[in-house]
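Everything below concerns the one structure shown next.
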Amino acid sequence: MLNPELDLNTVDWNAMPNEAGHFGIYGGRFAAETLMEAIEELGDAYAKLKDDPVLLATIDRDLAFYVGRPSPLYHAERWSRELGGAQIYLKREDLNHTGAHKINNTIGQVLLAKHMGKTRIIAETGAGQHGVATATICARLGLECIVYMGAVDIIRQAPNVFRMKLLGAEVRPVESGSKTLKDALNEAMRDWVTNVDNTFYCIGTVAGPDPYPKMVRDFQAVIGREAKQQCIDQTGRLPDAVMACVGGGSNAIGLFHEFLGDTSVEIYGVEAAGRGLNTLEHAAPLCQGKPGVLHGNRMYLMADANGQITETHSISAGLDYPGVGPEHCWLKDIGRANYVGVTDDEAMAGFHALTRIEGIIPALESSHALAYAMKKAPEMSTDKTIIVCLSGRGDKDLNTVADLEGITL
Amino acid sequence: MSRIQTKFEQLKVEGKAALVPYVTAGDSHPGLTVPLMHAMVKAGADAIELGVPFSDPMADGPTIQLACERALEHNVSLDDVFGMVKEFRQTDDDTPVILMGYLNPLEAMGYDKFAEEAKASGVDGMLTVDLPPEEAEDLLTPLNNQGIDAIFLLSPTTRQHRIERIVAAGSGYLYYVSLKGVTGSNALDVDDVQKHVSNIKQYTDIPVGVGFGIKDAVTAAAVSKVSDAVVVGSVLVKMIEDNAGDDTTIINNISGLLGDMRQAMDNTL
C-alpha cells in the first residue's frame with residue numbers, strides 16, 4: 001500500500017490525523033452510538049485544552065518534579081563496544097516514577113479528566129504498568145480509580161496488581177475471551193458506556209477512537225523531544241536510527257514522532273514475534289496482520305479469515321495485543337517507519353545482555369527493542385548512533401523470568 | 001417496497017407496534033437457529049434481529065458475550081449466517097430479517113461482497129454496532145445499491161446534531177437504546193423513553209424501535225405505547241444459555257414469553 005506519489009520530505013507530520021481522526025485509512029471513530037457523545041465531549045475538551053498554558057505548565061511541573069524528567073539519554077558504551085558496531089544510546093524511561101513511560105500519558109489524561117469535572121477514572125492494563133501509572137496519579141489527585149486487567153495477566157504480573165491495590169485502585173479481573181489486554185479494553189469500554197456521565201476512560205496506548213491516538217501521542221512525544229536534544233548535545237548530531245518496542249505503540253510513537261520529519265533518521269518499531277512470525281503464536285499485526293476495525297479505530301489486526309480477532313502470544317503482557325495504533329499503521333504504509341519482529345527467545349537474550357553488561361534490568365517489552373538493537377548495531381559502523389527506548393524497568397518481570405528459567409523465588 | 005417498510009406500514013394500519021426478538025445466530029448450536037426463527041414468528045414476532053457472532057462484542061453485556069462464544073465454538077461465520085437466512089426464506093418470504101453485529105467480519109468479507117450476499121440470501125437490514133454514520137459512507141453505498149436498510153442506534157446521550165446526522169443516514173427503522181449501558185442491563189424508565197422517542201420523531205418519519213432492558217410482557221406493552229417497535233434480546237438469549245442442549249425447552253420458553261409480550265402489547269390497543 002506504499003504510496004509512491006508521497007514525498008516524505010513534504011509531509012506535515014503534525015497535521016495528522018485529519019479532522020475526522022484519520023491517519024490515511026486508519027484511526028477514526030468506530031464506536032457504538034452509546035459512546036459517541038462521550039467521545040465527542042472528550043475530543044472537544046482536548047482540542048480546547050491541549051494548548052492551554054495553565055494545563056501545560058501543570059503537566060510540565062509534574063513531569064519535572066513528580067516523574068523526574070528529563071529522563072537521561074545513556075550511552076551504553078560497554079555494550080556497544082562488545083557488539084562492535086553502532087553506538088547504542090538508551091532513553092531511560094525506566095527511571096521515571098513508577099518505572100515506565102506510561103506515566104507521561106496518565107498525568108496528562110487525568111489532569112484533563114479533572115478539568116472536565118470527571119470524578120471516576122477507569123483504565124485497562126496488560127503488563128500493569130499503565131494501571132500502576134493511572135492508580136498513582138489518581139491517588140495523588142484523590143480520584144476513584146478502577147483498573148480492568150485480564151485474569152491471565154493478573155497472574156503473570158502479580159507485583160503490579162499489588163502495587164495498584166496499595167495505591168487505592170480497584171483491580172477488576174476480566175474473565176472473558178483470551179483474558180488479556182484486548183479483553184480488558186472491551187470491559188473498560190463497557191464500563192464507560194454504563195457510567196458515561198461521571199467517568200473518564202484513561203487509555204494507555206495510542207489506539208482507540210479519536211482523539212486517543214493523537215492525545216496519547218502528544219503526551220508521550222516528550223520522549224522524542226528530549227531524546228533529540230540530548231542526542232545533539234552528546235554527539236553533536238541526529239541519531240542514525242531510533243528503535244522502540246510496539247504493542248499498542250505508545251512508547252514508540254512517543255520516541256518516533258519528533259524524528260518523523262528528519263528523514264535521515266531510520267525508524268524501527270519492534271513487534272513481539274512470540275514463538276516466531278511463521279507460527280500463529282505471536283503478537284505482530286504490522287508484520288503479519290491486515291487492516292480491520294477493533295476498539296474504536298481501524299488498524300492492522302490479527303484476525304482470522306472470518307474477521308474474528310485471534311488470540312495472540314507474547315512473553316511480555318504489555319505487547320500481547322492483536323492491534324496497533326493507527327499512526328504506526330499509516331507510517332508503515334507510507335514507508336516512513338520499518339516494523340520488524342523479535343521472538344520471545346531473542347527478547348530474553350536482550351534482557352540478559354543489558355542486565356549483565358550494563359547493569360540495567362529492562363522490562364520484557366523493552367527487551368524486544370534491545371534485541372533488535374543487538375542485531376542491527378553490528379551491521380552499522382562504529383561512528384553511527386542508535387537510540388533505543390528503554391520504555392520500562394524489569395522488576396515486574398522477575399517472576400516471569402524466574403519461571404521461564406525453572407527457578408523458584 | 002422493502003420487507004421492513006411493508007411490515008411497518010401494515011402494522012401502522014393495524015395500530016400495532018412491532019415485536020422484534022434478537023437471537024445470536026448459531027447459539028447454542030447452528031441447527032437451532034432456523035427452527036427458532038420460525039417459532040418466534042409463530043409466537044408473534046414481526047421481524048427478527050439475528051446477531052452475527054463476534055469475538056469482541058464491546059457493546060454487549062455478559063449474556064450476549066456468552067452467546068457469541070457458544071456460536072463461535074461452532075465457528076459460525078458470516079457465510080453460515082447467510083445460509084441460515086436463506087434456509088429461513090424457503091418458507092417465510094415476509095418476515096424482515098435484520099443482521100446485527102460488529103464491523104470487522106464485514107471488513108474481512110469486503111463491503112461489496114457482503115451487501116451482494118446479504119441481498120441474495122434474503123437479508124433486509126444491517127445494524128453495525130460500532131459503525132456510527134460519520135464512518136459509514138463506504139458501507140452505505142453498497143447497502144443502498146442492494147436495497148438493504150442501514151439501521152442505526154440512537155442513545156439517551158445523543159444530542160440534536162447527531163440525531164440529524166443519524167436520521168439522514170438510516171433507513172428501515174431507528175433503534176433507540178433505552179438506557180446507558182450494555183445489552184442486558186436492568187430497568188428501563190418508560191417516561192424517559194417516551195420523552196426521547198418523541199424528540200427523535202421531530203426529525204424523522206422513519207419508525208423508531210426501542211431496545212435494551214425489556215424483559216417482560218408488562219414492560220413490552222408499556223414501551224409499545226410510546227414507540228413503533230419493541231426489541232427483546234438478552235432475556236431470550238438467557239433462555240438459550242439456561243437450556244443449552246435442550247432445543248425443545250428453548251423454543252417453548254422463548255415462544256411462551258414472546259406470546260405473552262404479543263398479547264400484552266395488543267391488549268393495550
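Side-chain atoms are counted along with the backbone in the values below, which use heavy atoms only and exclude waters and symmetry mates.
- Interface remark: B:Asp60 contributes backbone atoms only to the contact with chain A (heavy atom separation under 4.5 Å).
- Interface residues of residues 155-170 of chain B toward chain A, defined by a heavy-atom distance below 4.5 Å and sorted by number: B:Ser155, B:Thr157, B:Thr158, B:Arg159, B:His161, B:Arg162, B:Arg165, B:Ile166.
- Inter-residue side-chain proximity for A:Met36 and B:Glu134 is flagged as met; some heavy-atom pair is nearer than 4.5 Å.
- Looking at A:Ala305, the atoms closer than 4.5 Å to chain B (heavy atoms on both sides) all sit in the backbone: N, CA, C or O.
- Contacts between B:Leu72 and chain A at a heavy-atom distance below 4.5 Å involve the side chain alone, from C-beta outward.
- Residue A:Asn195: no heavy atom, backbone or side chain, is found under 4.5 Å from chain B.
- Put simply, the side chain of B:Leu131 does not reach to within 4.5 Å of the side chain of A:Val293, judged on heavy atoms.
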For the pair B:Phe54 and A:Leu294, evaluate side chain to side chain contact (heavy atoms under 4.5 Å, CB included) and give the outcome as yes or no after the intermediate values. CA-CA 11 Å; B:Phe54 183 50; A:Leu294 182 70; 4.2 Å; yes

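- Within the model, atoms CG of B:Asn75 and CD of A:Gln308 stand 9.0 Å from one another, a figure rounded to the nearest 0.5 Å.
- Put simply, CG on A:Asn186 and CD on B:Gln65 are 7.5 Å apart, with the number rounded to the nearest 0.5 Å.
- Counting heavy atoms from C-beta outward, A:Ile309 and B:Ser55 have side chains that approach closer than 4.5 Å.
- Of the atoms belonging to B:Leu78, not a single heavy atom falls under 4.5 Å from chain A.
- Here the closest non-hydrogen pair linking A:Ala303 and B:Asn104 is CB-ND2, 4.0 Å.
- Taking CG of A:Leu185 as the reference point, atom CG of B:Asp56 lies at 9.5 Å (rounded to 0.5 Å).
- Rounding to the nearest 0.5 Å gives a distance of 10.5 Å between CG of B:Leu174 and CD of A:Glu33.
- Only the side chain of B:Val177 comes within less than 4.5 Å of a heavy atom of chain A; its backbone N, CA, C and O stay farther away.
- In this structure, chain B has a heavy atom under 4.5 Å from the side chain of A:Leu301, while its backbone stays farther away.
- Counting heavy-atom pairs closer than 4.5 Å to chain B, the top residue among A:His22, A:Lys182, A:Arg190, A:Glu40 is A:Arg190.
- The two residues A:Ala31 and B:Pro132 make their nearest non-hydrogen contact at O-CD, 3.5 Å.
- Applying the 6.0 Å contact sphere to CD of B:Gln202 captures more than 12 heavy atoms from other residues, nucleotides or ligands.
- Using a 4.0 Å cut-off between charged side-chain N and carboxylate O, A:Arg298 and B:Glu135 make no salt bridge.
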